[in-house]
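First the structure, in the form of structure tokens, and then the observations on it.
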Amino acid sequence: MNTASLLRRFCLALPLLFSCSTPPPPAAPEAAKVTTRDAARLVALGDERTFGPTTPLPSAFDQQLPALSSDGTGFLAVWSDDGARGAGNIRGARMAADGTLVDPVGFAIGEATQYYRVGAPGVVWNGNEHLVVWQRGYFSESGNILVTVESALVSPSGAIRRSALAPRLNLLVPQAVKITMGAHGFLAAWSVGTRIIGLLFDESGTPAAQPIELIAGKSLGEGLTVIFDGTNYLVVGSGQLTTGGSQGIWARRFNASGAPVDAAPFSLSGDVLAARPSAARVGDNVLVAWEDAGSTGGAEWDIQGALVTPGSTAADRFLIADGTAGNGKKQPAIAFDGTHALVAWADEASKQVRAVRVPAAGSGGPGEPITVLDPQGVATEPCVAFSGGSFLVAGTRSLPVGGNDVVAARVSPEGTRVDAAPVTLSVGAPAQMTPRVAWSRDRALMVWSAWNGVALDIHGVRLDANFQPLDGTPFVISGAEGNQDEPDVVSNGEDFLVVWRDDRKDDTGTRRDIYGARVTAEGAVMDAQGIAIAAGDPPVGPPTARQHPRVAVDGYRYVVGWSHDNSEVELAQVSPQGWVSGNVTVAKANNTSSFGLACTLNGLCAVVLPLDYRGFSPLALYRFDSLLTKLNEAPMFVSPLEDHTRAAGLTFDGTQFVAAWISNKKSSPAVLAARFTPVGTVLDGTPVEVATEANASEPQLASDGHAVLMTWEQRTSGSWDVMGRQFDKALVGPPAEALAKRPTDERAPSLAVSAAGAVIAVWELDDPGQGAIRVHASTGRLLSVLGTACGAATDCGSGFCVDGVCCDSACGGGTSDCIACSMAAGAAADGTCGPRAANATCDDGAACTQNDLCQGASCVGAPKTAPSPGPCQVITPVCDPETGDFPTTQAPDGTACDTGECRAGACVPKNDPPDDAEPEESGCGCTTGPGAAGTSFMLLLTLTGILWRRAGHGR
């Protein structure tokens, strides 16, 4: 029977006896048992965001090998930018003739891909655009293999268009590219071991199909230059042509088609040790300058020059700069302004770049040298160009903590320096590297290593549960002297501990310490000077380089791990009050960066690391109690013993540990994962394949107690991409996805997930728009896995919330049908839509059935039967499908019944007068009728009482 319908009819029938209302909904069932079989789904990550200042600073790391060209009104400087990872880019910046830096942070011209590095650019003006040529090489143990020469055209407005690809070359150890413009095209040249190789380009910048050999010899690796003398290309190299021959400067001419004009190279330097030539066209001749050892045999280097006349092999040599008396001159560079050449060089004594004017004829000798580049640090690698009435001299400036910047200054045609101080060309937003992130209840702390213009500091910013910054600007966590980098961060549920590598006390160039600082949830740094977690030299042996710190929390204390340059991994504890205790050695890893650290909240910690074992390097497991006592002296192994592992990551998901690592075994995928229990039992004898991309690194893991999230970096379509994947506790999940959508290299990924499922993923990338490596972050939320509690369909990765749990389909949607998705509602398993138990009560929705029960997935009810009629009732035996009732009418009057006859639906005695009979008149004029006798009797009693009182009986 339809219970709700019956109740409504009952309330209408008895309005004065009951106060009726709609019954309250049944109480929500208790949270169903979680039986996750599908991974959580990550809501699409939002737009990438950056944090921190963007005011340009000198770039971090190596910017080197600058080259210049001029368009008559300004300059284009190009250089090789190695970046944090050493792969590098080709970057450029324009400068106006008045010294204004047109591109404050420069721009990317060529980028590294896969393992192929780019570098050694050359540049020349073709009358409309700058043609930039560089090399792309593969770095291997045998040296850089030159794969190809690439080029791009840069307009005066800064627009870039790529040229056609040059042929693949496969040559070893390439040197810097030099390029010159000819009558109807260009010639680019570079030295490769014993040969100088050239490649012709037409006027549009399209390369020839094949390179040509320009000069071959015994060794030609000490620099080269190319110049057009008005008729032919003059190729000048340094080295030794034959065994036992002079090691000097050699030249050879080639026509516009690349055919040699000279049968063999001819000497410019004579029989002396000479290297690193540079050349410029001065009038009708070519001025060549080089490093010349003269009679000292290389103890002191002069700058010598020679005028080479077209069509002649004779060299008119003369001294440009004297390098005797400990004042060596190296790396000459030349440009011509129409009357004089400016020759610049790196001065070994002053550590500066100096220059001198030389007349076009070369006679009369050079003028007085001037200092052009005198920045803090050593200035080297000069190059020169003339444009808009002044020379521009560019070079590299060594940084105090390593690396170089590209700097430049102008010189007037009269030979005086125009700029009071050198201008840094290789600037960009402050570099940010190796980000890490952790949640503490309703907020996250993101940290990174930040470039301050001189060294690296540790910065941080907090985000709320909706991923909005809680700090107006990032704050400094450590700004100590020297470099602080490679941070990691964890929370104990309230505050955070940030750890990093620190060289504030390094006076040897080899020492690194591990420091940390506590940060409150309100963003206060509790340890302004940092906590020395592992510092100082070992009792015996040389200074040690501690690196790659990791941090976890065991429920009360922080546990910090790090590796040494000798590959040993150590642990220490830091209390919430900042006290450091314990210092135990885990084991000696096969790779100094390859270990993972994670802890439970009841004091158990685990470390996984590659271990040398029987000629392999399987992933070994060591467990520690709350006092850092090693629970297994002998290693336990997570991976197959025949594997070669590296770059391990580890997390604890609330019940088990999950480890991930890179497998170098050729028959295995690149990224593997496996679970093990707190007692060390490995649950996955065959590791789970996470990714099969061959080039992968840096796996990082996180968990919210239900799902496991993993991120790593891998080579995809020619660049390093940050990948992500989600798993359930059985390590089942959807395929990996790229978390970052940019075509540039993304590296050093990390992520964190809160207990509420809020996810923050962070990584670093070389941002071309900001001219620096910057931290990027994206945010999202985990959608609940199948079988977990939900309140709406939007909470679930499947898109279905049924019976209070995330369901694999729309299912029935309630407990009144015969299919369910939670065990509480009668399903066999949480999250799987299926039939409820046999004979479970249900509602088939039909008003004319009763005792509805489940039969399979169907709800079946028994037909209602008509009730027995009451006295003087007639019941129709057909159920009304709208109401579920059987229509009832009155029996006709006069129908016999138990006590008489039916009258108006009631059974009355046959001799009873009808209810509606006329009243009769009595003899006293009173009306009698129904009830009249009772009334007369009462009147009689009243009259009798009055007469009695009058007779005196009332007293």
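Computed from heavy atoms alone, side chains included, the values below leave out hydrogens, waters and symmetry copies. In this text, all values refer to a predicted model and were calculated from it rather than measured experimentally.
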- prompt: For the side chain of R441 and the backbone of E494, is there at least one donor-acceptor N/O pair under 3.5 Å apart?
  reply: no
Pairing residues for D485 by the salt bridge (charged side-chain N to carboxylate O under 4.0 Å, His left out) criterion, not counting sequence neighbours: R501
- prompt: At their closest point, which heavy atom of L709 faces which heavy atom of Q726, and how far apart are they?
  reply: CG-CG, 4.0 Å
Nearest heavy atoms of R623 and N632, plus distance in Å: N-OD1, 2.8 Å
field: Side-chain touch V559/V551, heavy atoms, less than 4.5 angstrom
entry: no
task: Indicate yes or no: at least one non-hydrogen side-chain atom of W448 is less than 4.5 angstrom from one of V461.
output: yes
message: Main chain of V105, side chain of R91: is a donor-acceptor contact present, judged purely on distance under 3.5 Å?
response: yes
message: By the side-chain hydrogen bond (donor to acceptor under 3.5 Å, both in side chains) test, which pairs, at least two apart or in different chains, include something from residues 671-680?
response: R675-D684
- prompt: Do P749 and M723 have side-chain heavy atoms sitting under 4.5 Å apart?
  reply: no
message: Please list all pairs meeting side-chain hydrogen bond (donor to acceptor under 3.5 Å, both in side chains) that have one or both residues in residues 607-616, counting only residues at least two apart or in different chains.
response: N590-D612
message: Quick check: closest heavy atoms across S80 and G119, and the distance to 0.1 Å?
response: OG-CA, 3.7 Å
query: Got a donor-acceptor contact below 3.5 angstrom from the R49 side chain to the A777 backbone?
result: no
- prompt: Are any side-chain N or O atoms of E713 and backbone N or O atoms of E698, one a donor and one an acceptor, separated by less than 3.5 Å?
  reply: no
query: Are any non-hydrogen side-chain atoms of F51 and D471 less than 4.5 angstrom apart?
result: no
message: P687: which residues meet the side chain to side chain contact (heavy atoms under 4.5 Å, CB included) condition with it, sequence neighbours left out?
response: P640, W661, L672
Donor-acceptor side-chain pairing of D653 and T655 below 3.5 angstrom: yes
- request: Report the C-alpha separation of Y622 and V584 in whole Å, then their side-chain angles, then the decisive distance to 0.1 Å, and conclude whether the side chain to side chain contact (heavy atoms under 4.5 Å, CB included) test is met.
  value: CA-CA 12 Å; Y622 292 92; V584 300; over 6 Å; no
message: What's the separation between atom CD in E764 and atom CZ in R747, rounded to the nearest 0.5 Å?
response: 7.5 Å
W500 and S449: CA distance, side-chain angles, deciding distance, side chain to side chain contact (heavy atoms under 4.5 Å, CB included) verdict: CA-CA 9 Å; W500 62 86; S449 183; over 6 Å; no
message: Let me confirm one number: the NE2-OG1 distance from H564 to T544, rounded to the nearest 0.5 Å.
response: 5.0 Å
message: Could you tell me if the side chain of P549 sits less than 4.5 Å from the side chain of Y515, heavy atoms only?
response: no
query: Of all heavy-atom pairs between G724 and L739, which one has the smallest distance, and what is that distance?
result: N-CG, 3.8 Å
Non-hydrogen atoms of D464 and W439 that approach each other most closely: O-CH2, 3.9 Å
- request: Could I get the full list of side chain to side chain contact (heavy atoms under 4.5 Å, CB included) partners for R443, not counting sequence neighbours?
  value: R462, L470, A521
query: Should the pair R162-E150 be classified as a salt bridge under the 4.0 Å nitrogen-to-oxygen rule?
result: yes
task: Check for a donor-acceptor pair, side chain of K729 on one end and backbone N or O of V708 on the other, with a separation under 3.5 Å.
output: no
message: Looking at every heavy atom in both T651 and S703, which two are closest together, and how far apart are they?
response: OG1-N, 3.9 Å
- prompt: Quick one: does R725's side chain have a donor or acceptor within less than 3.5 Å of a partner on V690's backbone?
  reply: yes
- prompt: Using the benzene-type ring in the case of Trp, are the ring centres of H644 and F616 under 6.0 Å apart?
  reply: yes
query: Is any side-chain heavy atom of I773 less than 4.5 Å from a side-chain heavy atom of W451?
result: no
- prompt: Taking atom CD of E746 and atom CD of Q714, what is their separation to the nearest 0.5 Å?
  reply: 11.0 Å
- request: Using modelled atom types only, decide if a donor and an acceptor are shared between the side chain of N483 and the backbone of D503 within a distance under 3.5 Å.
  value: no
- prompt: Taking only residues two or more places apart in sequence, or in another chain, which ones meet E570 in a salt bridge (charged side-chain N to carboxylate O under 4.0 Å, His left out)?
  reply: none
- request: Step through the shown structure and confirm whether more than 12 heavy atoms of other residues, nucleotides or ligands are within 6.0 Å of CD on E737.
  value: no
- request: Side-chain contact test, heavy atoms from C-beta onward, threshold under 4.5 Å: evaluate it for Y558 versus V499 and give yes or no.
  value: no
message: If we count only N and O atoms by modelled type, under 3.5 Å, do the side chains of T600 and N602 hold a donor and an acceptor together?
response: yes
- prompt: Is it true that a side-chain atom of W562 and a backbone atom of A534 form a donor plus acceptor pair closer than 3.5 Å?
  reply: no
- prompt: To the nearest 0.5 Å, how far apart are CG in D442 and CG in N466?
  reply: 10.0 Å
message: Between D767 and H776, does the side chain to side chain contact (heavy atoms under 4.5 Å, CB included) criterion hold? Intermediate values first, please.
response: CA-CA 9 Å; D767 193 323; H776 281 230; 3.3 Å; yes
A587 backbone acceptor or donor facing T585 side chain under 3.5 Å: no
task: Taking the side chain as every heavy atom from C-beta outward, state whether Q700 and L751 have any pair of such atoms under 4.5 Å apart.
output: no
statement: Interatomic distance, CZ@F676 vs CG@L650, rounded to 0.5 Å, equals 5.0 Å
query: Does the pair L631 and L604 meet the rule for a side chain to side chain contact (heavy atoms under 4.5 Å, CB included), with working shown?
result: CA-CA 10 Å; L631 298 178; L604 177 71; 3.5 Å; yes
- prompt: Between H548 and S563, do the side chains contain an N or O donor and an N or O acceptor separated by less than 3.5 Å?
  reply: no
- prompt: If only atom types and distance count, is the side chain of S754 paired as donor or acceptor with the main-chain N or O of D704 below 3.5 Å?
  reply: no
- prompt: How long is the span from the CZ atom in R436 to the CD1 atom in I760, to the nearest 0.5 Å?
  reply: 14.0 Å
- prompt: Looking only at the SG atoms, are C796 and C790 under 2.5 Å from each other?
  reply: no
